[in-house]
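Remarks on the structure that follows.
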Amino acid sequence: EELTPDRIKATMSAVDSAMIKANAATSKDWPTIGLDYGETRFSKLDKINTDNVKELGLAWSYNLESERGIEATPVVVDGIMYQTASWSVVHAIDARTGKKIWTFDPGVKREIGYKGCCDVVNRGVAIYKGKVFVGAYDGRLIALDAATGQKVWEKDTLIDHEHSYTITGAPRAFNGKVVIGQGGAEYGARGYITAYDTETGNQLWRWFTIPGDPSKPFEDESMAAAAKTWDPSTKYWINGGGGTPWDTITYDPDLNMVYLGTGNGAPWNRKIRSPSGGDNLYLASIVALNADTGKYIWHYQETPGDHWDYTSTQPMILADITIDGAPRKVILHAPKNGFFFVIDRTNGKFISAKNFVDVNWATGYDANGRPIEVPAARGDDPYDAVPGPYGAHNWHPMSFNPQTGLVYLPAQNIPVNLTPEKNFVNNAPTPGKFGGVTAWNLGFALNATPPKAPAFGRLLAWDPVQQKEVWRIEHASPWNGGTLTTAGNLVFQGTADGRFVAYDARNGKMLWETPTGTGVVAAPSTYMIDGVQYVSIAVGWGGVYGLAARATELRTPGTIYTFAVGAKAKLPEFVKYQTEGLLQGVKYDPKDVPEGTALYVAACATCHGVPGVDRGGNIRNLGYVPAEEITKLKDIVFNGPFRDRGMPDFTGKLKEEDVVKIQAFIQATADAIRPKK
Ligand SMILES: O=C(O)c1cc(C(=O)O)c2c(n1)C(=O)C(=O)c1cc(C(=O)O)[nH]c1-2
Ligand SMILES: [Ca+2]
């Protein structure tokens, strides 16, 4: 059957809240990024199961022509797939054949790449009544005709273009509304979410996550209440204060609520943001809003007075489970802070929290749902916070299998040491201030003292009722992909070291794997076409950890792989990671190294990592590039050739003599780690 525009239009026009709810009974399609409004990523399909999963073969692959992180889950309805790639490019694909139907590039200006903290990624589309919605990196929400990829409307969702706002998250669509948040809290930004009319793009409601300037009227009572938990003496609203809801937004059709996870404080360091303390509502919280009006209903703050970039934006799961003999409507959540939360979603009441990895900022939660903090975690001395700011769990989606009762959770630690910044100045390009030249405002120096905490990445099977680990897989590296679980008793996960793996959901036994040609960070999906069950995964190394680090020697462009039992297509040729040997021969004056270090930290480190020590991710490590490029660094730094990949133009931000000092630091660092003969 041919996928004519009329046929696609007919299929996609039928995708609405009722269809998404009804599909949950069979899981035939995968109509939203998380499969269903509960975001369970549990498929009832069982044609692929523990018996035959070893016969999975490649049905087709599709080149996304992308060199940066791929974070979106493939959305599939009746054999038509929508996938986003880096730079917010949308691909529509015939899932029977893997052939392109259309692509849409919103034309994000590549030179604004550096305005987002964490790679030029996108976490996927929403479909509603014949339209595909995508949040573009530059802050536009765009509605496309699902059949043709033509733009129907677009809205600039940003309240100002002074703060460094970007969009990386997927929109959420329900009942004629499409809702989107944004990122930017590392730079300083004030978070909010906005609902638009799916047909017209008209704004329907907006809710800010934190209060603004208290000398102006508060937007609503929830802001007036929140303002009491902030210290106004620092005029935190000038920098923004944070709370950007950059990922999870969930719709609950039973309770007609929208739940959002809010982000970290800006700056991270609470002593700078709100020196007299305070919870700083609604940072690092789950908040419930009325889905029709956007009015605040309840909140639960997972990390009061956030100080460590402990966002609560991680994908949540809505589940109905039995606790102490009683059925409860809950939210299951594993935010960055390392605790697994079970929250009553009818009223936001805390049920339980238990750490799922070792943590050193709190010893647990009291009966009221407040953390029992370790005082040194907010001290004036350098602190090796565990989890670090990359989180014990980041945006990589978890899944919940009601058959096993287990949540499959990509857990990790990436060590980072935090040293409180003494003389913080907002937006100052101060040498030594991490990301200072590109307007980061953390209030901490990172790794000025080398961290000692261990790095790890693991897949955890977690029992949310008992609040305990049931089994685990230790991976080679942190930063592994999101998970899918199925009625075939399977868990699927891609890995940082470039594999796509199926495990037995009951015990973690590895049943099947395939190489993927690059690290995997996204989560897979599964669906039926003509009686055949398929599993698809979009691969492409990246995201914040993937900028400067990697765990494979392969760097195949972003690719979608689709697997079925007995399929026999060939994997594409994999591409080797191109890297030079350790940098050698750049002339420099050793006297320049200390200042060069401080300048490098302020201008280069957020994306390029530490020269020679980090190995490079989807952005090259400057300790492993041709000496020629470092010798001519100023030609790259000032209006250089990599602006079309998102590198900033440092004209006016660095001086020529600064670049000479940065060259000195890069070569000296490479020399320092070179093995002595
Ligand atoms: O505070 C923010 O506004 C914000 C935004 C984003 C983003 O939009 O991607 C990330 C983060 N924070 C963040 O803390 C983080 O660890 C992170 C990882 C990623 C990613 O895509 O790999 N994005 C983000
Ligand atoms: Ca953040």
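Order of listing sets the numbers, starting from 1, for every ligand and every atom in it.
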Less than 4.5 Å apart, side chain to side chain, heavy atoms only: is that true for [X] and [Y]?
X      : Y      : result
Asn355 : Phe340 : no
Asp497 : Ser477 : no
Val287 : Thr209 : no

Legend entry - With Glu39 via salt bridge (Lys or Arg N to Asp or Glu O under 4.0 Å) - residues at least two apart: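 Per chain and number, Glu39 pairs via salt bridge (Lys or Arg N to Asp or Glu O under 4.0 Å) with Arg172.
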Legend entry - Those residues that, when tested against Arg555, pass salt bridge (Lys or Arg N to Asp or Glu O under 4.0 Å) (two or more places apart):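 Salt bridge (Lys or Arg N to Asp or Glu O under 4.0 Å) check on Arg555 returns nothing, list empty.
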Inset, instruction - Around the Ca ion (ligand 2), list the protein N/O/S atoms within a radius below 3.0 Å, excluding water molecules. - result: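 Short answer, with waters excluded from the count: Glu186 OE1, Glu186 OE2, Asn264 OD1, Asp309 OD1.
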Legend entry - Shell of residues surrounding ligand 1, defined by a 4.0 angstrom heavy-atom cut-off that is strict: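 Ligand 1 is contacted, at a heavy-atom distance under 4.0 Å, by Glu71, Cys117, Cys118, Val121, Arg123, Thr168, Gly183, Gly184, Ala185, Glu186, Thr244, Trp246, Asn264, Asp309, Lys336, Asn394, Trp395, Trp479, Gly543, Val544.
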Inset, instruction - Flag this pair as yes if the NZ/CZ of Arg645 is under 6.0 angstrom from the six-membered ring centre of Phe642 and inside a 45 degree cone about the axis; otherwise no. - result: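 Cation-pi check for Arg645 and Phe642: fails.
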Inset, instruction - Show your reasoning for whether ring-ring contact (aromatic ring centres under 6.0 Å, His included) applies to Phe208 and Tyr282. - result: CA-CA 9 Å; Phe208 285 94; Tyr282 302 90; over 10 Å; no
Inset, instruction - Applying side chain to side chain contact (heavy atoms under 4.5 Å, CB included), run through Asn360 and Val374 and close with a yes or a no. - result: CA-CA 7 Å; Asn360 71 0; Val374 174; 5.8 Å; no
Legend entry - Asp220 vs Tyr296, side chain to side chain contact (heavy atoms under 4.5 Å, CB included): CA-CA, chis, key distance, verdict: CA-CA 9 Å; Asp220 58 44; Tyr296 164 94; 5.5 Å; no
